[in-house]
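What follows is one structure encoded as structure tokens, with my remarks underneath.
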Amino acid sequence: MRLFVALDLPPELKAAVRSLQFGLRNARWLDDAGLHLTLAFIGEVDGSGVERVEDALAEVEAEPIHVELHGLGCFPGRGDPRVLWTGAAPKAELAALAAAVTRAVRRAGVAPKRRRFNPHVSLVRFRRPPPHVDLERYLSVHSLFRSPACEVASFHLYSSILHRSGARYTIEATFPLERNDR
């Protein structure tokens, strides 16, 4: 299975993202299933590895996070853009959760892909780069985008299957983020 760990967006955040999903040529806008905030990309894992990862992720302790989306950017940073994204905050809390998830996956004996954590939600994947002037105009018009802050109280282990039309995602397991009211 091809696995990753992510936060699913609450309906209010998905609605905010959908308000941005128009106005660019050559764009494959991500549907609701594709709107998530990746904490760790794991990659291919066999059956027993999946169980170990699930068991390890069940031990992650973190509190719910009030996530806010803001601003826009493109990957890669130079050259033709392949992905348009919106940033996510609070960066420190999201980075701490991503680090805890990564440590858990490693304890399960699985090596997640090494990627610098940059909290974001992908909005669109480009089939081919949009005209430069169109992208600049789009980024300028939406540069002040900011969503409401919404509580996210769980994270998920996802599997993905790649298709010509894009990836198909399935939630394999859900893990609560619980308040530590001591």
Side-chain angles (χ1 to χ4, degrees), residues 1-45 65 67-95 97-99 101-102 105 111-150 152 155-172:
M1 295 180 87
R2 185 174 183 264
L3 301 176
F4 65 96
V5 179
L7 301 176
D8 188 23
L9 300 184
E12 300 87 353
L13 293 182
K14 287 183 180 182
V17 165
R18 280 194 302 276
S19 75
L20 296 171
Q21 292 184 314
F22 67 93
L24 281 173
R25 290 182 272 177
N26 306 329
R28 185 174 50 82
W29 300 102
L30 297 176
D31 62 13
D32 277 4
L35 298 176
H36 54 260
L37 193 157
T38 301
L39 299 169
F41 182 77
I42 301 169
E44 297 290 332
V45 178
I65 300 174
V67 175
E68 176 185 39
L69 304 176
H70 59 86
L72 297 173
C74 293
F75 291 135
R78 289 194 245 189
D80 291 335
R82 293 178 37 216
V83 174
L84 174 69
W85 52 265
T86 181
K91 199 168 188 174
E93 286 90 339
L94 291 167
L97 178 58
V101 163
T102 298
V105 171
K113 302 294 182 214
R114 289 183 163 228
R115 295 182 177 171
R116 190 174 138 253
F117 183 68
N118 178 12
H120 71 280
V121 175
S122 296
L123 306 175
V124 63
R125 297 191 187 283
F126 295 110
R127 292 182 176 94
R128 59 184 183 277
H132 184 73
V133 67
D134 291 354
L135 181 60
E136 288 299 321
R137 185 179 317 120
Y138 183 91
L139 292 172
S140 175
V141 166
H142 298 289
S143 65
L144 298 179
F145 168 73
R146 184 169 295 278
S147 76
C150 297
V152 176
F155 66 95
H156 309 281
L157 176 65
Y158 285 83
S159 63
S160 66
I161 299 173
L162 302 178
H163 294 275
R164 294 189 78 201
S165 59
R168 301 241 171 84
Y169 305 108
T170 302
I171 293 175
E172 300 295 334

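In this chain, residues are counted from 1 in sequence order. For clarity, every value in this text was computed on a predicted model and none was experimentally measured.
- Take Arg137 and apply the salt bridge (Lys or Arg N to Asp or Glu O under 4.0 Å) test, not counting sequence neighbours, and it matches Asp134.
- Residues satisfying the side-chain hydrogen bond (donor to acceptor under 3.5 Å, both in side chains) test with Asp31, not counting sequence neighbours, are none.
- Partners of Phe75 by ring pair (Phe, Tyr, Trp, His ring centres under 6.0 Å), not counting sequence neighbours, listed by chain and number: Trp85, His120.
- Partners of His70 according to the ring pair (Phe, Tyr, Trp, His ring centres under 6.0 Å) rule, which considers only residues two or more places apart in sequence or in another chain, do not exist here.
- No hydrogens or angles considered: nothing links the side chains of Ser147 and Glu68 as a donor-acceptor pair under 3.5 Å.
- Of the listed residues (Thr86, Leu69, Val121), just one forms a side-chain contact (heavy atoms from CB on, under 4.5 Å) with Leu35, and that residue is Val121.
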Taking it one step at a time, do Lys14 and Asp8 satisfy side-chain contact (heavy atoms from CB on, under 4.5 Å)? CA-CA 9 Å; Lys14 287 183 180 182; Asp8 188 23; 3.1 Å; yes
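- Taking Arg168 as the reference, nothing meets the salt bridge (Lys or Arg N to Asp or Glu O under 4.0 Å) condition, with sequence neighbours excluded.
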Taking it one step at a time, do Leu94 and Leu7 satisfy side-chain contact (heavy atoms from CB on, under 4.5 Å)? CA-CA 10 Å; Leu94 291 167; Leu7 301 176; 3.6 Å; yes
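- In Leu162, the CG atom is crowded: over 12 heavy atoms of neighbouring residues, nucleotides or ligands sit closer than 6.0 Å.
- When the ring pair (Phe, Tyr, Trp, His ring centres under 6.0 Å) test is applied to Phe155, the partners found at least two apart in sequence or on another chain are Phe175.
- When all heavy atoms are compared, the tightest approach of Gln21 to Tyr138 is N-OH, 4.3 Å.
- Remark: the Asn26 side chain and the Arg128 side chain contain an N/O donor-acceptor pair separated by less than 3.5 Å.
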